[in-house]
Amino acid sequence: MEITVPSLIYALNGTDIRLPCSFNSCYKVDNKQFSMNWTYRSCSNCSEETFIQFDKKIINQRLERFQNRVEFSGNPIKNDLSVMIRDVQLQDGGEYHCYVLNPPDRHKGTGKIRLEVLTEVPPERDSTVAVLVGASVGGFLAIVILFLVILKCVRRKKQQNLNSDDQKTEEEVKTDGEGNPEGELKASIPEAP
């Protein structure tokens with residue numbers, strides 16, 4: 001049995017909120033054996049209060065705390081056990097647990113959701129600064145890489161020029177400066193007076 005729930009949900013005071021809970025089981029749901037319940041507790045040390053359960057049918061416990069604002073919105077046949085809380089109040093914040101048992105599965109599945117009720121919508125985060133910083137750093141790195149590539153090419157070209165100059169110097173050393181190879185004697189014919 002595997003339960004899927006979000007760990008944290010934010011709700012704006014006075015709005016409706018859906019608490020999703022879905023499960024995966026190796027077995028098909030049989031309404032005669034399937035059981036499910038939703039519980040609420042206002043703090044981690046507080047006792048749990050069952051507010052919705054399924055025992056052959058959906059049973060809403062009608063807790064005074066929720067004043068008929070909670071309803072089952074899921075479909076067990078489709079593995080959806082979600083509940084809806086209408087007109088969320090500040091005191092609705094706390095832990096909600098979704099428990100599921102689908103025999104012949106032996107283990108009960110459990111999902112825990114923390115509901116935080118807000119009095120105002122949090123401001124949207126402006127990511128413009130992050131984009132500008134990222135683009136600046138990326139542009140700077142691109143320029144540095146380009147500079148290093150150009151520097152490498154210039155050094156390679158200079159090295160090639162030095163190598164060709166060394167080769168020319170070696171060839172000049174092998175000649176006497178007039179284009180005659182070393183070791184050859186010039187035949188000089190004296191000019192007649």
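All heavy atoms count here, side chains included; hydrogens, waters and symmetry mates do not.
To the nearest 0.5 angstrom, N79 atom CG is 11.0 Å from E2 atom CD. In this structure, OG in S7 is found 11.5 Å from CZ in R114, a value given to the nearest 0.5 Å. Atoms NZ and SG, from K112 and C98 in turn, are 14.0 Å apart once rounded to the nearest 0.5 Å. To the nearest 0.5 Å, atom OG of residue S22 and atom CG of residue L81 are 8.0 Å apart. Atom CZ of R65 is separated from atom CD of Q67 by 10.5 Å, given to the nearest 0.5 angstrom. The distance from atom CG of L148 to atom CG of L146, rounded to the nearest 0.5 Å, is 9.0 Å.
With a 4.5 Å cut-off on side-chain heavy atoms, M36 and P76 do not count as touching. Contact check for D30 versus P103: no side-chain heavy atoms found under the 4.5 Å cut-off. Using a 4.5 Å cut-off on side-chain heavy atoms (C-beta onward), I77 and N31 make contact. R69 has its side chain out of reach of D16: every pair of non-hydrogen atoms, C-beta onward, lies at least 4.5 Å apart. The side-chain heavy atoms of V29 and F23, taken from C-beta on, include a pair separated by under 4.5 Å. You'll find the side chain of H97 reaches within 4.5 Å of the side chain of Y99, heavy atoms only.
Here the closest heavy-atom approach between residue P6 and residue P20 is recorded as CD-CG, 3.6 Å. Scanning both residues, D105 and M1, for their nearest heavy atoms gives OD2-CE, 3.4 Å. Closest approach of L115 and A11 over heavy atoms only: CD1-CB, 3.9 Å. Nearest heavy atom pair, residue Q91 against residue Y40, reads O-OH, 3.0 Å. For the pair C46 and R41, the tightest heavy-atom approach, listed with the atom from each and the gap, is O-CD, 3.3 Å. Annotation for Q89 and N13: closest pair CA-OD1, 3.4 Å, computed over non-hydrogen atoms.
Under the 4.5 Å side-chain heavy-atom criterion for ILVMFWY residues, no single connected hydrophobic cluster contains both V88 and L8. If you chain together hydrophobic residues whose side chains sit under 4.5 Å apart, V5 and V70 fall into the same group. The hydrophobic cluster containing L101 does not contain W38, counting ILVMFWY residues as joined when their side-chain heavy atoms lie under 4.5 angstrom apart, directly or transitively. I58 and V100 end up in the same hydrophobic cluster when Ile, Leu, Val, Met, Phe, Trp and Tyr side chains are linked at under 4.5 Å. Hydrophobic clustering (side-chain heavy atoms under 4.5 Å, transitive across Ile, Leu, Val, Met, Phe, Trp, Tyr) groups I52 together with I17.
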> Run the side chain to side chain contact (heavy atoms under 4.5 Å, CB included) check on I3 and T110 step by step: do they pass?
Replying inline: CA-CA 6 Å; I3 303 292; T110 305; 5.6 Å; no
Practice problem: Assess whether side chain to side chain contact (heavy atoms under 4.5 Å, CB included) is satisfied between Q61 and Q53, documenting all intermediate values. | Solution: CA-CA 8 Å; Q61 299 292 335; Q53 67 184 79; 2.7 Å; yes
Steps toward side chain to side chain contact (heavy atoms under 4.5 Å, CB included) verdict (V83, Y96) | CA-CA 10 Å; V83 295; Y96 291 80; 6.0 Å; no
ask   = Given Y27 and Q33, is the side chain to side chain donor-acceptor pair (under 3.5 Å) satisfied, shown in steps?
value = CA-CA 11 Å; Y27 305 100; Q33 295 182 333; over 6 Å; no
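Aromatic ring centres of F72 and F54 lie farther apart than the 6.0 Å criterion allows.
Under the 3.5 Å distance criterion, the side-chain polar atoms of N102 are left unmatched by any main-chain donor or acceptor of F34. No donor-acceptor pair under 3.5 Å is formed between the side chain of E49 and the backbone N or O of S47. With hydrogens and angles ignored, the 3.5 Å screen pairs a side-chain donor or acceptor of N60 with a backbone N or O of R62.
Put simply, the residue from I143, V144, V137 that forms a side-chain contact (heavy atoms from CB on, under 4.5 Å) with F140 is V144.
Enclosure of atom CD in E64 is not indicated, since only 12 or fewer non-hydrogen atoms of other residues, nucleotides or ligands lie within 6.0 angstrom.
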